[in-house]
2 protein chains.
Amino acid sequence: MATIKDVSRLAGVSVATVSRVLNQNGYVHEDTEKKVLNAIRELNYIPNDVARSLTKKSAKMLALIVPDITNPFFNELARAVEKVTQLYGYATILCNSDDTPANEKQYIHALKQKYIDGFILATNTLSPEEIQQLDVPVVMLDRTISSTIPTVASDNREGARMAVQFLLNQGCRTIAHIRGPLELSIADERCQGYLDEVGQADWFQPDLIVNGDFNLHHAADAIHELLDRHPDIDGIFAGNDIMAMGALRAVQKRGVAVPDAMQIVGYDGITLGGMVYPELTTVAQPIYEMGLLAARMLIKLIEKKPLDVMHYKLDVELVQRGTTRGSANQP
Amino acid sequence: MATIKDVSRLAGVSVATVSRVLNQNGYVHEDTEKKVLNAIRELNYIPNDVARSLTKKSAKMLALIVPDITNPFFNELARAVEKVTQLYGYATILCNSDDTPANEKQYIHALKQKYIDGFILATNTLSPEEIQQLDVPVVMLDRTISSTIPTVASDNREGARMAVQFLLNQGCRTIAHIRGPLELSIADERCQGYLDEVGQADWFQPDLIVNGDFNLHHAADAIHELLDRHPDIDGIFAGNDIMAMGALRAVQKRGVAVPDAMQIVGYDGITLGGMVYPELTTVAQPIYEMGLLAARMLIKLIEKKPLDVMHYKLDVELVQRGTTRGSANQP
DNA sequence: CTTCCATGTGTAACCGGTTACACATCGTGT
DNA sequence: ACACGATGTGTAACCGGTTACACATGGAAG
């Protein structure tokens with residue numbers, strides 16, 4: 001591998017001049033530049049990123065920390081983030097935190113030793129104070145925790161309202177909600193949206209809300225129990241698509257016809273939802289866009305460019321498919 | 001951030017001694033070591049990875065190149081790889097190649113500038129010669145292309161045979177095969193396994209094999225066409241689970257009962273297969289183990305430890321679930 | 001005809017580690 | 001008593017870049 005010294009020797013200039021040509025800063029005579037460029041071409045020289053990182057204290061890398069890359073929501077996100085970072089000449093480091101604070105901290109400290117430039121956190125194990133103390137650019141994805149940290153999220157409460165409203169319009173008389181983990185703000189917001197719509201209904205009872213932990217099997221179990229208690233339920237709003245799929249399976253296993261006797265709406269809009277039968281009706285977040293946006297924000301932050309918006313709250317869209325009796329239906 | 005100089009000053013020794021303590025090489029007096037260790041603790045010193053990389057020409061990072069992290073097979077793999085790398089103190093860089101050779105090469109060259117230590121390739125866009133020329137440790141995952149490059153794969157042909165045999169045992173009279181892309185060796189091997197079992201059958205016709213491109217929608221379309229041509233088909237062996245899910249959907253849409261009138265077996269054993277209804281019967285590869293193995297192999301390669309096995313061909317297992325009429329069935 | 005600043009380039013320090021080499025000390029075998 | 005190898009430690013070069021600073025020019029303003 002050729003070094004900057006080889007180039008400087010071949011071009012008959014000093015390394016400083018080569019560096020100036022490389023970084024396009026400082027004054028360099030046009031003719032000199034040409035000589036340098038020729039030498040670079042001839043030697044097939046590519047600057048060494050590590051040496052550069054050492055002085056610049058930047059590795060042109062950023063990390064994406066997710067609870068579990070296996071989760072469709074996060075891998076669609078990862079796809080988008082990676083796309084952007086590649087475009088801007090950064091590399092993406094992948095970290096699975098398993099939602100364990102210790103893991104997450106360990107990752108962060110290890111990566112800071114590598115002069116990582118910033119983090120996209122799609123987790124909620126760290127407190128705002130801890131994040132602030134990291135002293136490194138951070139963007140929160142899908143989990144708002146502090147007004148001082150830039151975030152990208154969707155309008156969860158409004159999305160939930162849309163879902164429940166839709167179920168009501170479709171003729172549902174008793175709608176249950178499988179919510180996500182208690183400590184997650186997004187799960188709360190979606191639950192709140194559900195309550196906004198049905199909290200005052202005469203049929204409403206608090207035990208129509210069950211916790212499915214954003215997990216397929218938990219959700220399926222929860223639905224079985226719920227339907228034992230409330231056989232009259234004819235609509236389910238799930239806090240995410242994975243739980244909606246769990247609900248779907250549970251309902252199908254009970255021999256209840258979907259969408260004829262039971263309608264289900266999920267939340268997220270993961271690709272997976274289109275792969276089951278019937279296809280999941282869902283409140284689709286622009287997952288890919290959220291990833292793109294978060295990555296672009298982080299890069300702006302890193303490069304000290306101004307952020308026009310600190311908190312993105314993206315619009316969601318109701319995608320009517322087979323688990324509800326919509327008009328534009330294709331069961 | 002404290003540097004090695006700060007430590008040496010506080011401990012009253014030279015940086016060389018500190019370095020020796022850090023790396024546990026060379027002679028260091030017990031007492032001196034204690035002084036150094038104390039200084040390290042006091043200053044909360046952590047060595048700078050970038051500086052270290054510069055001399056060691058190793059960044060303690062490896063890259064996982066997959067066609068698309070969104071694909072369940074690859075993200076389960078990624079999960080495993082990341083687990084191992086973290087355990088051994090490496091970081092994992094994630095790359096989506098989109099199956100484009102240009103992308104892949106660009107990634108590789110960019111990362112070599114960062115002193116990346118090795119690559120796990122779950123793609124097949126590069127020729128063995130190109131890989132050899134990279135002059136960096138590589139492990140191929142799921143795609144065997146050369147005897148000189150270490151690989152981890154499953155016994156595709158045998159797995160396919162198991163699947164088809166099982167369908168025959170279950171009473172299928174006419175079994176179709178949706179195969180993967182023509183240029184992929186694993187798709188060929190699975191197709192070959194199918195042919196091993198039914199190629200000589202009196203009912204066999206070459207056009208019972210269709211290409212589904214490892215893609216859900218292509219597979220669904222292909223199945224529709226196929227069933228129009230061959231209404232007598234009562235069993236489908238799909239080259240992977242995604243296509244099996246596409247087939248399942250297509251069949252369900254036609255109102256054909258699964259598994260009563262049509263049995264389906266997939267290949268891969270992705271978690272997703274257990275999320276649809278009925279659950280997919282499949283030939284399960286030990287995906288997670290494959291990822292673990294590949295990562296461990298690569299790290300051995302990097303650390304110049306001997307490999308006991310160059311080519312792993314892992315056993316697969318038939319997982320009987322709802323899309324076939326097995327005994328241990330739970331439709 | 002100075003003065004001054006924009007332009008152009010080289011020298012050397014620096015980033016934060018590793019390590020070859022030099023040098024000292026000490027125990028031990030002869 | 002002496003040679004020698006094991007032990008212990010420091011100095012300085014090196015990895016491959018960036019950049020502060022010094023030192024030229026040359027043209028324009030005063």
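So you know, we letter chains A, B, ... as the sequences are listed, proteins then strands, and number each from 1.
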- Item | Side chain of B/N48 - closest among D/dT19, C/dG16, D/dT18 | C/dG16

- Message: Rounded to whole Å, how long is the line connecting atom CG of A/D6 with atom C1' of D/dG16?
- Response: 10 Å

- Note on the structure: Sorted by position of nearest nucleotide on DNA chain D, 5' first, the leading residue of A/T3 and B/Y27 is B/Y27

- Hey, are A/D49 and B/Y115 close enough side-chain-wise for a donor-acceptor pair under 3.5 Å? no

- Message: Under 4.0 Å, counting only non-hydrogen atoms across every strand here, what does B/T32 touch: a base, just sugar-phosphate, or nothing?
- Response: sugar-phosphate

- Query: Is a side-chain N or O of B/E130 found less than 3.5 angstrom from the main chain of B/S127, in a donor-acceptor match?
  - Reply: yes

- Query: For A/K56 and B/L54, take the nucleotide of DNA chain D holding the closest heavy atom to each; which residue's nucleotide lies nearer the 5' end?
  - Reply: B/L54

- Note on the structure: Taken to the nearest whole Å, CD/A/E30 to P/C/dG8 is 9 Å

- Query: Is any side-chain N or O of A/T55 closer than 4.0 Å to OP1 or OP2 of C/dC15?
  - Reply: no

- Message: Rounded to whole Å, please give me the gap between OH in B/Y115 and C1' in C/dG17.
- Response: 13 Å

- Atom CG of A/D49 and atom C1' of C/dC15 are separated, to the nearest Å, by 16 Å

- Measure the distance from CG on B/D31 to P on D/dG8 and round it to the nearest whole Å. 10 Å

- Starting from C1' on D/dT19, measure out to CG on A/L22 and report it in whole angstrom. 14 Å

- Just call it for A/V50: base, sugar-phosphate, or nothing, with non-hydrogen atoms closer than 4.0 Å on any strand. nothing

- Interatomic distance, CD1@B/I69 vs OG@B/S97, rounded to 0.5 Å, equals 11.0 Å

- From C/dG16, D/dG17, C/dG10, nucleotide with atom closest to A/R20 side chain: C/dG10

- Could you check how far NZ of A/K60 sits from P of D/dG17, rounded to whole Å? 16 Å

- From the list A/H311, A/M310, A/K305, side-chain contact (heavy atoms from CB on, under 4.5 Å) with A/L307 holds only for A/M310

- Message: Side chain of A/H29 only, heavy atoms from C-beta on: which candidate in D/dG16, C/dT9, C/dG10 is closest?
- Response: C/dT9

- Give a yes/no on whether any side-chain N or O of B/T17 is located under 4.0 angstrom from OP1 or OP2 of D/dG10. yes

- Rounded distance [0.5 Å steps], CD1 in B/I287 versus CG in B/L292: 12.0 Å

- Query: When you check the phosphate oxygens OP1 and OP2 of C/dT19, does a side-chain N or O of B/S19 lie under 4.0 Å from one of them?
  - Reply: no

- Note on the structure: CG (A/D98) and OG1 (A/T123) are apart, to the nearest 0.5 Å, by 11.5 Å

- Message: Below the 4.0 Å mark, does D/dT18 have OP1 or OP2 next to a side-chain nitrogen or oxygen of A/K57?
- Response: no

- Query: What nucleic acid atoms does A/V13 come within less than 4.0 Å of, heavy atoms only: base, sugar-phosphate, or nothing?
  - Reply: sugar-phosphate

- Rounded to whole angstroms, how far apart are NZ on B/K5 and P on D/dG10? 15 Å

- Query: So, is A/R52 near the phosphate of D/dT18, with a side-chain N or O under 4.0 Å from OP1 or OP2?
  - Reply: yes

- Task: Please determine if a side-chain N or O atom of A/N23 lies less than 4.0 Å away from the OP1 or OP2 oxygen of D/dT18.
- Result: yes

